[in-house]
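Given the structure is predicted, the values throughout are model-derived calculations rather than measurements. Quick note on labels: first sequence line is chain A, next is B, and so on, each numbered from 1.
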Amino acid sequence: MRLFRIYKKLYKFFGPQRWWPRMLRGEEGIFEICVGAILTQNTNWNNVVLVLRNMHEAELTCPERVAQVRAAKLQACVRASGYYRQKAKKLKIFSKYICDNYSGKTSCLLKGGLVGKREELLGLWGLGPETADSILLYAGVKPIFVIDAYTKRLCQNLGVELVDYDDYRLYFESNLPKSVKLYKEYHALIVAWGKLLTKDKDKALLLIK
DNA sequence: TACCAGGTCCTCG
DNA sequence: CGAGGACATGGT
């Protein structure tokens with residue numbers, strides 16, 4: 001298993017990543033993961049942290065509050081993570097979905113089937129496959145492998161060229177043990193590797209040889 | 001100072 | 001479909 005061998009190398013080099021990073025626990029912690037997953041779309045995590053702090057101060061830590069807060073106020077909170085009008089709208093839509101269908105309990109993600117929930121999330125405006133899968137894996141604790149831009153770059157360097165998002169996902173899922181813990185850690189390690197790739201390309205490539 | 005960051009949606013051919 | 005553009009801020 002080549003993918004597992006690479007995983008072990010990355011783990012040995014970078015150590016445990018402890019994803020998903022968050023300040024809150026319990027119900028609010030689950031919601032915070034979903035919010036972060038939306039905010040980090042094509043955006044540096046540092047900017048996301050600024051927004052999470054704003055939202056915490058504004059007590060926007062549950063779906064009910066986000067669904068009800070004035071759009072202009074939410075936009076102001078979200079500004080630092082970029083695309084702030086779109087992202088405020090995405091947070092509203094996701095929050096309303098949780099409120100209307102699951103009584104505002106983001107922990108609904110922990111229950112039910114993976115496939116059904118994935119379809120629901122993908123049906124929401126603003127949630128594409130990576131965001132939906134991040135939510136399912138890290139908030140819903142469901143065994144689904146998250147594919148991001150770095151994962152595709154890793155594949156490129158392994159000589160694996162696929163087209164569709166799901167083809168990449170199934171490639172990882174079918175070549176690794178089905179484990180939430182492994183999927184969480186591996187995705188986080190790939191991001192760490194991706195960052196190294198931009199800083200020191202030779203070192204990053206050597207690491208996966 | 002350009003360029004990039006843990007994507008997604010929309011439009012047009 | 002698929003390519004191309006829009007969305008936006010903060011760090012280096």
Side-chain angles (χ1 to χ4, degrees), chain A residues 6-7 10-11 14-23 29-55 58 71-97 118-140 142 144-157 161-169 172 180 182-201 204 208:
Chain A
I6 290 169
Y7 167 78
L10 294 179
Y11 188 89
F14 292 108
Q17 300 297 298
R18 296 154 197 229
W19 271 28
W20 190 280
R22 60 184 147 170
M23 313 184 272
I30 298 173
F31 182 63
E32 186 189 3
I33 292 171
C34 301
V35 170
I38 290 169
L39 294 177
T40 197
Q41 290 175 356
N42 200 40
T43 298
N44 192 305
W45 182 257
N46 295 325
N47 291 8
V48 174
V49 171
L50 300 176
V51 173
L52 290 174
R53 283 206 281 259
N54 290 340
M55 291 182 68
K73 180 169 181 180
L74 186 58
Q75 287 180 4
C77 281
V78 167
R79 175 159 284 122
S81 69
Y83 309 131
Y84 65 94
R85 292 184 199 86
Q86 290 196 348
K87 283 178 179 173
K89 182 177 171 186
K90 292 175 185 185
L91 293 178
K92 280 270 187 194
I93 288 171
F94 175 77
S95 297
K96 278 177 183 156
Y97 155 76
R118 188 169 196 261
E119 289 304 310
E120 288 185 20
L121 293 176
L122 288 175
L124 300 176
W125 184 87
L127 296 209
E130 184 188 337
T131 309
D133 289 348
S134 294
I135 288 172
L136 288 168
L137 176 64
Y138 292 101
K142 301 199 182 304
I144 191 153
F145 202 93
V146 177
I147 305 298
D148 69 342
Y150 292 137
T151 313
K152 291 175 182 171
R153 266 190 258 178
L154 174 64
C155 285
Q156 275 183 358
N157 288 295
E161 295 277 7
L162 301 170
V163 180
D164 295 332
Y165 177 93
D166 280 335
D167 292 334
Y168 281 100
R169 180 171 63 80
F172 278 83
V180 168
L182 173 66
Y183 289 2
K184 282 182 176 180
E185 195 63 50
Y186 206 160
H187 174 63
L189 286 167
I190 288 174
V191 173
W193 175 81
K195 288 174 178 169
L196 176 64
L197 186 67
T198 63
K199 287 200 189 97
D200 188 341
K201 187 170 182 182
I208 59 168

Side chain of [X] only, please: which of [options] is the nearest?
| X | options | value |
| --- | --- | --- |
| A/Ala80 | B/dA5, B/dG7, C/dT9 | C/dT9 |
| A/Arg79 | B/dA5, C/dT9, C/dA8 | C/dT9 |
| A/Glu130 | B/dG7, C/dG10, C/dA8 | B/dG7 |
| A/Tyr84 | B/dA5, C/dT9, B/dT8 | C/dT9 |
| A/Asn47 | B/dC10, B/dT8, C/dT9 | C/dT9 |

* Ignoring hydrogens and angles, tell me if any N or O in the side chain of A/Gln41 forms a donor-acceptor pair with the backbone of A/Gly126 under 3.5 Å. =>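 Yes.
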* To do: Using modelled atom types only, decide if a donor and an acceptor are shared between the side chain of A/Ser95 and the backbone of A/Lys92 within a distance under 3.5 Å.
  =>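 Between the backbone of A/Lys92 and the side chain of A/Ser95 there is no qualifying donor-acceptor contact (under 3.5 Å).
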Rounded distance (Å) that lies between atom [atom2] of [N] and atom [atom1] of [X]:
| X | N | atom1 | atom2 | result |
| --- | --- | --- | --- | --- |
| A/Asn42 | B/dC3 | CG | P | 15 Å |
| A/Lys90 | B/dT8 | NZ | P | 7 Å |
| A/Leu50 | C/dG11 | CG | P | 6 Å |
| A/Ile147 | B/dT8 | CD1 | C1' | 17 Å |
| A/Gln86 | C/dT9 | CD | C1' | 13 Å |
| A/Ile38 | B/dC9 | CD1 | P | 11 Å |
| A/Asn54 | C/dG10 | CG | C1' | 13 Å |
| A/Lys152 | B/dT8 | NZ | C1' | 12 Å |

* To do: Check whether any side-chain N or O of A/Trp45 sits under 4.0 Å from OP1 or OP2 of C/dG11, and answer yes or no.
  =>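 For C/dG11, OP1/OP2 do not have a side-chain N/O of A/Trp45 under 4.0 Å.
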* To do: Verify the contact: side-chain N or O of A/Thr198 to OP1 or OP2 of B/dA5, cut-off strictly under 4.0 Å; return yes or no.
  =>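 For B/dA5, neither OP1 nor OP2 has a side-chain N or O of A/Thr198 closer than 4.0 Å.
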* Residue from A/Phe145, A/Trp19, A/Tyr11, A/Tyr150 passing ring pair (Phe, Tyr, Trp, His ring centres under 6.0 Å) with A/Tyr186 ->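 Answer after filtering A/Phe145, A/Trp19, A/Tyr11, A/Tyr150: A/Phe145.
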Please work out if [X] contacts a base, only the sugar-phosphate, or nothing of the nucleic acid, heavy-atom cut-off 4.0 Å.
| X | result |
| --- | --- |
| A/Trp125 | sugar-phosphate |
| A/Ala188 | nothing |
| A/Gly128 | sugar-phosphate |
| A/Leu127 | sugar-phosphate |
| A/Thr131 | sugar-phosphate |

* To do: On DNA chain B, check which nucleotide each of A/Arg153 and A/Gln41 is closest to and give me the residue with the more 5' one.
  =>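 By nearest-heavy-atom nucleotide position, the 5'-most residue is A/Arg153.
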* On DNA chain B, nearest-nucleotide positions of A/Gly126 versus A/Asn44: which is more 5'? ->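 It is A/Asn44 whose nearest nucleotide is closer to the 5' end.
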Euclidean distance for [atom1], [N] against [M] (whole angstrom):
| N | M | atom1 | result |
| --- | --- | --- | --- |
| B/dT8 | C/dG11 | P | 24 Å |
| C/dA8 | B/dT11 | P | 15 Å |
| B/dA5 | C/dA3 | C1' | 22 Å |
| B/dC4 | C/dG5 | P | 16 Å |

* Please work out whether the ring planes of A/Phe31 and A/Phe94 are parallel, tilted or perpendicular, with thresholds of 30° and 60°. =>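 A/Phe31 and A/Phe94: parallel rings.
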* To do: Go through the steps for A/Lys87 and A/Thr43 under the test side chain to side chain donor-acceptor pair (under 3.5 Å), then give the verdict.
  => CA-CA 11 Å; A/Lys87 283 178 179 173; A/Thr43 298; 2.8 Å; yes
* **Result of checking A/Ile93, A/Leu122, A/Asp133, A/Ile135 against A/Leu127 for side-chain contact (heavy atoms from CB on, under 4.5 Å)** =>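 Considering A/Ile93, A/Leu122, A/Asp133, A/Ile135, a side-chain contact (heavy atoms from CB on, under 4.5 Å) with A/Leu127 is found only for A/Ile135.
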